[in-house]
Amino acid sequence: MSKIELMHIDKFFGNNHVLKDLNLTIEDGDFMTLLGPSGCGKTTTLRIIAGLERPEHGNMLMNGKEIINSEVDYYAEPSKRGLNLVFQSYALWPHMTVYDNIAFGLKIKKLSSAEIKRYVMNALERMRMEEYGKRYPNELSGGQQQRVAIARAIAYSPELLLLDEPLSNLDAKLRIDMRVELKRLHQELGTTIIYVTHDQVEALTMSTKIAVFSKGCLSQLVEPMELYMNPIDLINADFIGNPRINFLDGKACKQGNKLKTYCSLGSYIYDAKDMTDEVTPTGEFNCIFGIRPEQVQIEKEPADGLIAATVYANQLAGSETLVTVHILDSQTGKSDEVLVKQIGIEDYRTGQKIYLKVKPDRFNVYSKESTRLIKYARI
Ligand SMILES: Nc1ncnc2c1ncn2[C@@H]1O[C@H](COP(=O)(O)OP(=O)(O)OP(=O)(O)O)[C@@H](O)[C@H]1O
């Protein structure tokens, strides 16, 4: 059992208000990723949970038990919180071999040496490090040390694991392997994991929930695919997705239960069920369409419902082709640029006339004024 509730947490470093009235619940069994750009307060949140920082204001409960109560100046000692931590700086004991580094915590638990061996070897195997038991930390690369630190944290089926950018020093292939192992570990053991990263792919592929931070505030707390499909504002939309989402200026107007919209990719009417509860201006207002590169397809021949465009640039990337196209907005006379992602190798010439097929149900629409989502994308 590992449920964590953070309530009304405020943290200052001098005059810097780093966390602003943060409310966040991590349910038992969650793989919760704290995601956001550098400096938004992710690590500070993790350190508060671990007991390495004290917030000036707020409460924290662990399985219903009080851990922080700033009003009475109560902060439970880190050692009393039952946590396993892996930070970017992995802090292995330099005088111990890899095996002993991992075995140390198990010895304290008074396990038999046969059991210790089983747990250590299992953890090393998961981290693809079974050959390295006899080495000392200074005989390992940064990435290998990082994997030993994770092995140490996961060795004894922890109930709660806090990980701060644990894959940051690994090369691309190892990162994918480690993502698979951490995801399997979570599924097999039901460990509650709180994971800090600024890498959206790690967040999207491993988590059961993602908490997006922006300037010390929680801006969105959702399941990964919902975050990808419906970022709550333009900042999150811009942050999630690679290649990044296309933003197109448009116009919108609410008429009864309908939202009438227009942009260079066409006029679309959406129902009340597609709309968020964001309050919009009366009459026509400026909006921004958020369109993912894979939501547009290119056809070579014209047909009904297709939108004419011109190829500006073509990037072949092997498994996919990224095509930058220009579309003439017939209402404003302005040209819009859209990045389109096609699966496989597709060759287009610069200046070639092509025709776009779009899925308007999948578009997001944002209010330009408030920058908030006003129309959900549907799968
Ligand atoms: N010990 C400290 N003393 C003073 N300021 C700090 C301290 N630790 C963090 N900060 C500041 O608090 C803010 C949040 O830092 P934090 O490390 O939580 O961000 P982050 O989102 O984890 O960023 P990153 O991804 O770069 O690690 C930053 O402005 C940072 O400079």
Side-chain angles (χ1 to χ4, degrees), residues 4-26 30-60 67-68 70 73 75 77-78 81 83-91 142-143 145-146 149-150 153 160-172 175 178-179 182 192-207 209-222 224 227 231-242 244:
I4 290 177
E5 292 162 84
L6 293 169
M7 290 164 285
H8 303 295
I9 298 285
D10 280 287
K11 174 72 195 163
F12 293 83
F13 286 113
N15 290 332
N16 190 1
H17 197 174
V18 173
L19 292 176
K20 297 164 190 153
D21 193 27
L22 176 69
N23 291 285
L24 177 64
T25 299
I26 297 124
D30 272 350
F31 191 135
M32 169 77 76
T33 296
L34 314 185
L35 177 70
S38 183
C40 65
K42 310 175 297 285
T43 297
T44 304
T45 304
L46 203 69
R47 288 174 62 81
I48 286 174
I49 295 171
L52 304 174
E53 293 291 351
R54 292 182 172 192
E56 277 68 30
H57 183 253
N59 295 68
M60 175 177 148
I67 297 290
I68 296 174
S70 63
D73 206 24
Y75 302 90
E77 284 301 313
R81 301 187 185 195
L83 307 158
N84 284 274
L85 274 170
V86 180
F87 280 104
Q88 235 171 326
S89 56
Y90 6 88
Q145 292 183 40
Q146 203 162 24
I150 301 174
L160 178 60
L161 195 55
L162 307 187
L163 300 165
D164 189 356
E165 307 259 5
L167 310 184
S168 58
N169 280 339
L170 307 183
D171 63 40
R175 264 174 187 244
M178 295 301 111
R179 289 206 307 252
L182 286 174
T192 305
I193 297 180
I194 310 177
Y195 190 98
V196 164
T197 187
H198 60 264
D199 181 331
Q200 49 164 303
V201 180
E202 284 179 18
L204 291 171
T205 52
M206 291 193 290
S207 328
K209 284 189 201 137
I210 300 177
V212 186
F213 280 61
S214 176
K215 295 180 188 154
C217 298
L218 182 64
S219 74
Q220 196 168 5
L221 175 62
V222 276
L227 176 61
I232 200 69
D233 57 23
L234 290 172
I235 294 175
N236 288 4
D238 198 30
F239 186 65
I240 298 293
N242 185 16
R244 68 185 278 260

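Counting starts at 1 for both ligands and their atoms, in listed order.
Among L19, T197, T44, D199, the residue whose heavy atom lies nearest to atom 18 (O) of ligand 1 is T44. Considering each of G39, S168, G36, the one bringing a non-hydrogen atom nearest atom 20 (P) of ligand 1 is G39. Of the candidates K42, H198, K215, it is K42 that places a heavy atom closest to atom 25 (O) of ligand 1.
When side chains are defined from C-beta on, I48 counts as touching L19, because their heavy atoms get closer than 4.5 Å.
Inclusion of F13 in the set of residues having an N or O under 3.5 Å from an N or O of ligand 1 is not warranted. Note: an N/O pair closer than 3.5 Å links G41 and ligand 1 by distance alone.
P37 counts as a contact of ligand 1, since one of its heavy atoms falls under 4.0 Å from the ligand.
The side chain of V18, and not its backbone, has at least one atom closer than 4.0 Å to an atom of ligand 1 (non-hydrogen atoms only; side chain from C-beta on). In N16, the part holding a heavy atom less than 4.0 Å from any atom of ligand 1 is the side chain.
Against a heavy-atom cut-off of under 4.0 Å, C40 is close to the following atoms of ligand 1: 19 (O), 20 (P), 21 (O).
Proximity of a side-chain donor or acceptor of K11 to a complementary backbone N or O of E56 within less than 3.5 Å is not detected. Judged purely by atom type and a 3.5 angstrom limit, K20 uses its side chain to pair as donor or acceptor with the backbone of K215.
Judged purely by distance below 3.5 Å, without hydrogens or angles, the side chains of N236 and S219 pair a donor atom with an acceptor atom.
Applying the salt bridge (Lys or Arg N to Asp or Glu O under 4.0 Å) rule to R179 yields no partners; only residues at least two apart in sequence or on another chain are considered. With sequence neighbours excluded, the residues satisfying side-chain contact (heavy atoms from CB on, under 4.5 Å) with L170 are Q146, R147, L167, L174, R175, M178.
Note: F12 and H17 have parallel aromatic rings, judged against thresholds of 30 and 60 degrees for the angle between ring planes.
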